[in-house]
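Just so it is clear: chains get the letters A, B, ... in the order the sequence lines come, proteins before strands, and each one is counted from 1. Quick note: numbers below take in every heavy atom, side chains included, and nothing from hydrogens, waters or symmetry partners.
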2 protein chains.
Amino acid sequence: MTGPSAKTTRAQEVYDQIRDRLLTGELEPGSRLKLNDFVEGYGVSLSVVREAVTRLAGDGLVQASPQRGFAVMSLTIEQLLDLTRARVLIETMALAESIKLGTVAWEAAVIASHHELANTPMLTPDGVINADFTHAHRAFHDTLLSGCGSSRLQGVATELRACSELYQSWSQQLAHDDTRDIACEHRTISELTVARDEDGAVAALRDHIERTTAALVRYAEEAAESATA
Amino acid sequence: MTGPSAKTTRAQEVYDQIRDRLLTGELEPGSRLKLNDFVEGYGVSLSVVREAVTRLAGDGLVQASPQRGFAVMSLTIEQLLDLTRARVLIETMALAESIKLGTVAWEAAVIASHHELANTPMLTPDGVINADFTHAHRAFHDTLLSGCGSSRLQGVATELRACSELYQSWSQQLAHDDTRDIACEHRTISELTVARDEDGAVAALRDHIERTTAALVRYAEEAAESATA
DNA sequence: TTGCGCCAAATAATCGATTTTTACTTGACC
DNA sequence: GGTCAAGTAAAAATCGATTATTTGGCGCAA
């Protein structure tokens with residue numbers, strides 16, 4: 001019992017920490033995971049790291065190649081578009097269900113989580129993405145779907161969204177994208193949702209998801225060009 | 001290189017075999033998994049078994065309880081209804097997408113897989129569920145959704161369906177359910193799908209899924225009654 | 001010079017044993 | 001008679017080391 005947390009297993013802690021590093025973009029998509037570095041860094045045995053990484057592979061955040069190790073999951077543009085399409089279909093469906101079935105408590109939660117999101121700056125003074133914003137953003141989108149009455153459906157949506165977040169750090173450059181007003185997008189989604197405007201809210205959410213991907217694809221293509229140039 | 005297969009890792013083999021035993025119902029929902037038995041039975045080390053079981057937990061087929069081991073995932077009736085609802089929503093959506101987007105090759109695949117299913121007896125002469133039928137059934141449902149153009153969406157649907165299959169063996173008793181004509185249900189789904197009747201096919205698939213769950217719930221409640229009696 | 005195959009270092013996979021935690025049993029105390 | 005607690009047995013988690021596989025480099029031959 002050396003650390004602050006004593007109730008979880010080591011594998012769980014390592015899983016959580018690596019997951020965090022994946023989702024913050026500290027570990028870049030495509031880069032190989034050196035298990036030995038984790039062994040030293042976390043002061044645990046290889047078995048523990050293996051279990052953590054295996055679980056992350058199950059989540060779709062890490063790619064496992066038999067006999068060849070693990071790497072941060074890297075998507076081709078085609079796969080990214082596929083993921084986006086699946087997310088749009090599933091998230092909009094879950095949102096529609098929420099709007100149909102959601103209770104007043106759910107409405108309140110949506111308003112609350114949007115308020116928190118709206119009042120959390122996206123960037124820190126240093127110009128990097130604010131971790132609090134990431135959490136608030138995640139919570140907002142989760143809350144939107146939490147009225148659908150199916151934890152399974154919600155879980156699937158959350159899992160897919162996490163995969164998209166792998167590229168979040170790449171959107172950092174796009175945070176200055178002046179063709180978008182992300183705060184406004186969130187506000188629109190929140191308001192239409194609470195107003196129980198199913199079609200409107202669904203359309204707004206779809207736009208929101210697709211715009212992020214579009215920006216990402218644009219960024220990836222620029223990067224590819226400058227690489228070949 | 002002692003076994004017949006030499007190209008996969010041991011953990012993968014053990015994963016496949018345990019998964020098979022889970023889906024055939026040989027390992028009953030709720031029963032604890034004795035890792036040591038697997039160690040002896042498969043002649044591998046504990047690490048290998050652990051990795052396999054951890055992956056199965058990620059698939060939702062096994063429940064992992066920290067410090068308390070693993071058990072075959074067991075669902076309450078409430079959870080089973082939730083799972084069914086999520087399956088209906090996602091599978092019908094994928095089917096609708098397939099009907100909208102599917103190519104002629106997909107149509108052909110649907111017809112082919114239905115033909116194979118229709119000509120595979122559900123029970124062996126002994127009265128047990130035929131493994132070939134299980135495979136054909138799985139293939140048929142997968143093929144139905146394979147025209148949707150999103151491997152992600154298809155993957156999610158397949159994963160959820162696998163969870164339902166944990167209770168397949170319990171349906172064995174229900175195979176004689178004379179209120180249903182399962183072959184007819186499959187034929188209807190296949191025909192409406194190929195006819196591109198979106199609403200009809202979706203409704204037929206929904207019925208098919210919900211009937212299986214309803215039978216399962218009936219069975220579970222009977223079992224609960226006879227247990228308390 | 002180029003291509004093929006062999007050797008060595010690095011990395012992944014697996015193993016057997018140790019440590020830690022939980023579950024059960026037994027016995028004493030209330 | 002019932003409850004709680006200490007002790008014991010079982011099982012899970014973790015570790016350190018061994019074995020197998022891949023990767024990259026080197027030499028040899030065409």
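Annotation for B/Glu116: atom CD does not count as buried by contact number, only 12 or fewer foreign heavy atoms lying within 6.0 Å.
Listed by residue number, A/Arg32, A/Arg50 are the residues of residues 30-51 of chain A with a heavy-atom contact under 4.0 Å to DNA chain C.
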Which atom pairs, one a donor and one an acceptor, fall under 3.5 Å between side chains of residues 52-63 of chain B and the rest of the protein, sequence neighbours left out?
from	atom 1	to	atom 2	distance (Å)
B/Thr54	OG1	B/Arg50	O	2.6
B/Arg55	NH1	B/Gln12	OE1	3.1
B/Arg55	NH2	B/Gln12	OE1	3.3
B/Asp59	OD2	B/Tyr15	OH	2.4

Let me check something: any side-chain donor-acceptor pairs from residues 156-164 of chain A under 3.5 Å, sequence neighbours excluded? List them with distances.
from	atom 1	to	atom 2	distance (Å)
A/Thr158	OG1	A/Asp142	OD1	3.1
A/Thr158	OG1	A/Gln154	O	2.9
A/Arg161	NE	A/Glu91	OE2	3.4
A/Arg161	NH2	A/Asp142	OD1	3.1
A/Ser164	OG	A/Arg87	NH1	2.9

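Partners of A/Phe70 by ring pair (Phe, Tyr, Trp, His ring centres under 6.0 Å), not counting sequence neighbours: none found. B/Arg21 pairs by the side-chain contact (heavy atoms from CB on, under 4.5 Å) definition with B/Glu26, B/Leu27, B/Phe38, B/Tyr42, not counting sequence neighbours. In terms of the side-chain contact (heavy atoms from CB on, under 4.5 Å) criterion, residue partners of B/Ser151 (sequence neighbours excluded) are, by chain and number, A/Asp82. Shown here are the side-chain contact (heavy atoms from CB on, under 4.5 Å) partners of A/Ile77, two or more places apart in sequence or in another chain: A/Leu81, A/Val217, A/Ala220, A/Glu221.
A side-chain hydrogen bond (donor to acceptor under 3.5 Å, both in side chains) check over residues 126-141 of chain B, counting only residues at least two apart or in different chains, returns the pairs B/Thr134-B/Gln168, B/His137-B/His141, B/His137-B/His186, B/Arg138-B/Glu165, B/His141-B/His208.
Rounded to a whole Å, the CD atom of B/Glu13 is 13 Å from the C1' atom of C/dA13. In this structure, A/Arg10 atom CZ and D/dT14 atom P are separated by 7 Å, rounded to whole Å.
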Between the protein and nucleotides 7-9 of chain C, which nitrogen or oxygen pairs come in under 3.5 angstrom?
none

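Remark: B/Thr9 is not in phosphate contact with C/dA12, judged by side-chain N or O atoms under 4.0 Å from OP1 or OP2. Regarding contacts with the backbone of C/dA13, every side-chain N or O of A/Arg68 stays at 4.0 angstrom or more from both OP1 and OP2.
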